[in-house]
Amino acid sequence: MIIAIDGPAAAGKGTLARKLAEHYGLRFLDTGALYRAVALSLLLAGADIEDEQAAEEAARQLDQRILSHPDLRSAGTGVAASKVAAMPGVRAALLDYQRRFAATPPGAVLDGRDIGTVVCPDADVKLFVTASPEVRAKRRWLELKERGEEVAFEQILQQVRERDERDMNRADAPLRPAEDAHLLDTSELDIEAAFRAARRIIDAHLKRGSDRQG
Ligand code: DC
């Protein structure tokens with residue numbers, strides 16, 4: 001089984017995807033981390049973040065060790081990631097890896113922006129997880145604060161809006177729900193409630209499958 005989870009930054013996709021993978025015994029891939037890793041490797045090398053050739057090269061030779069770098073989840077890396085994510089060469093370089101991961105038994109939960117539309121258009125279940133920009137900025141702000149990064153809330157809200165704008169308006173694989181995606185707005189849901197809602201959708205899909213068979 002392949003479960004595609006897409007949505008804007010800080011909508012709660014990551015935590016939800018991880019919990020679903022554990023619950024259904026599937027593998028888990030945070031695809032945003034791949035774009036972050038490409039951006040961070042450029043930042044660490046002192047390369048220009050707008051340099052498409054350097055970014056594509058970094059994506060092709062991605063060093064897995066960078067995925068555990070302490071700066072992977074920083075606000076600065078997130079902003080840089082949304083820039084390299086707009087480059088078609090970078091997206092193409094990361095596509096194969098994501099598809100192979102998804103196709104490896106027993107299946108996987110992938111979270112990102114274009115999983116249901118581009119990476120796994122045939123996914124068994126597609127969820128599009130959203131929340132208002134204010135709620136998402138608050139979550140991101142708390143997360144950064146817990147990691148000891150003190151940033152003004154207004155600045156985070158501004159970054160959330162800018163990233164939405166870039167993610168939704170890029171020409172290649174823009175952020176949008178697949179036609180057959182289930183929408184899940186988590187503005188008023190805590191993680192447990194979002195987890196229950198997602199499970200209801202997935203279990204209904206599994207039941208339809210077993211009804212057809214039996
Ligand atoms: O989910 P995140 O904040 O870790 O994602 C970092 C950036 O990567 C974000 O701006 C959008 C981009 N991204 C993407 O374009 N496609 C994906 N499948 C995942 C992330």
Side-chain angles (χ1 to χ4, degrees), residues 2-18 21 28-43 49-50 52 55-56 58-59 62 66-102 108-121 123 126-131 133 135-144 147 149 151 156-178 181 184 186:
I2 297 177
I3 302 178
I5 303 197
D6 292 303
K13 301 185 301 284
T15 316
L16 181 63
R18 224 177 278 274
F28 166 67
L29 183 64
D30 166 9
T31 64
L34 303 176
Y35 293 91
R36 285 173 178 269
V38 171
L40 184 57
S41 63
L42 292 179
L43 294 174
I49 200 74
E50 315 277 348
E52 290 210 34
E56 195 178 321
L62 199 59
I66 207 157
L67 291 167
S68 45
H69 192 286
D71 289 344
L72 194 78
R73 309 241 132 251
S74 76
T77 303
V79 172
S82 77
K83 292 185 182 167
V84 300
M87 300 173 182
V90 170
R91 304 200 72 83
L94 297 178
L95 194 56
D96 252 15
Y97 177 83
Q98 298 174 77
R99 285 193 174 148
R100 260 185 286 121
F101 188 97
V109 180
L110 286 85
D111 94 67
R113 304 292 190 286
D114 62 338
I115 308 303
T117 51
V118 177
V119 179
C120 302
K126 300 177 184 178
L127 300 179
F128 194 83
V129 183
T130 57
V135 167
R136 290 187 283 124
K138 173 103 185 284
R139 289 180 188 157
R140 191 40 63 93
W141 179 77
L142 283 172
E143 191 184 308
L144 292 170
R147 293 177 353 114
E149 242 185 279
V151 192
I156 297 294
L157 181 57
Q158 169 89 11
Q159 277 176 5
V160 162
R161 292 207 164 108
E162 280 172 14
R163 285 179 54 187
D164 282 0
E165 174 76 20
R166 252 199 304 272
D167 292 349
M168 290 191 286
N169 294 315
R170 66 176 176 233
D172 192 14
L175 169 66
R176 62 175 176 79
L184 185 59
T186 67

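Residue numbers count from 1 along this sequence. Both ligands and their constituent atoms are indexed starting at 1 by order of listing.
For ligand 1, the atoms closer than 4.0 angstrom to any heavy atom of Ser82 are 10 (O). Within ligand 1, counting atoms from 1 as listed, the ones closer than 4.0 Å to a heavy atom of Gly112 are 17 (C), 18 (N), 19 (C). Atoms of ligand 1 lying under 4.0 Å from at least one heavy atom of Thr31, given by number and element, are 17 (C), 18 (N), 19 (C). Set against the non-hydrogen atoms of Ala85, the atoms of ligand 1 under 4.0 Å away are 12 (C), 15 (O).
For Arg91, every heavy-atom contact with ligand 1 shorter than 4.0 Å involves the side chain, none the backbone. Counting heavy atoms under 4.0 Å from ligand 1, residue Arg163 touches it through the side chain alone. At a heavy-atom distance under 4.0 Å, no atom of Met87 approaches ligand 1.
Arg176 pairs in a side-chain contact (heavy atoms from CB on, under 4.5 Å) with only one of the listed residues (Asp6, Thr117, Asp114), which is Thr117. Val38 pairs in a side-chain contact (heavy atoms from CB on, under 4.5 Å) with only one of the listed residues (Ile66, Leu43, Val84), which is Val84.
Here's the thing with Asp167: one of its N/O atoms is less than 3.5 angstrom from an N/O atom of ligand 1. Not one N or O of Asp30 is nearer than 3.5 Å to an N or O of ligand 1, by distance alone.
Taking the side chain as every heavy atom from C-beta outward, Leu29 and Tyr97 approach each other to under 4.5 Å. Counting heavy atoms from C-beta on, the side chains of Trp141 and Leu157 never come closer than 4.5 Å.
Closest to atom 4 (O) of ligand 1, if we only count protein heavy atoms, is Arg36 NE, 2.6 Å. Taking atom 8 (O) of ligand 1 as the reference point, the nearest protein heavy-atom neighbour is Tyr35 CB, 3.5 Å. The protein heavy atom nearest to atom 7 (C) of ligand 1 is Ala81 CB, 3.7 Å. For atom 20 (C) of ligand 1, the closest non-hydrogen atom on the protein side is Gly32 CA, 3.5 Å.
Of all the listed residues (Arg113, Glu162, Arg140), Arg113 holds the heavy atom that lies closest to atom 5 (O) of ligand 1.
Although no hydrogens or angles enter the test, the distance criterion places no donor-acceptor pair under 3.5 Å between the side chain of Thr186 and the main chain of Ala131. A donor-acceptor pair under 3.5 Å is absent between the side-chain atoms of Lys13 and the main chain of Asp111, judged by distance alone. In terms of modelled atom types and a separation under 3.5 Å, the side chain of Arg91 and the main chain of Ala85 share a donor-acceptor contact. Checked by atom type and distance alone, the side chain of Thr77 never pairs as donor or acceptor with a backbone atom of Arg73 at under 3.5 Å.
Residue-ligand proximity: Arg166 is placed with every non-hydrogen atom at 4.0 Å or more from ligand 1.
The closest side-chain donor-acceptor pair between Ser82 and Arg163, if any, does not fall under 3.5 angstrom. Under 3.5 Å, the side chains of Arg139 and Thr15 contain no donor-acceptor pair of N or O atoms.
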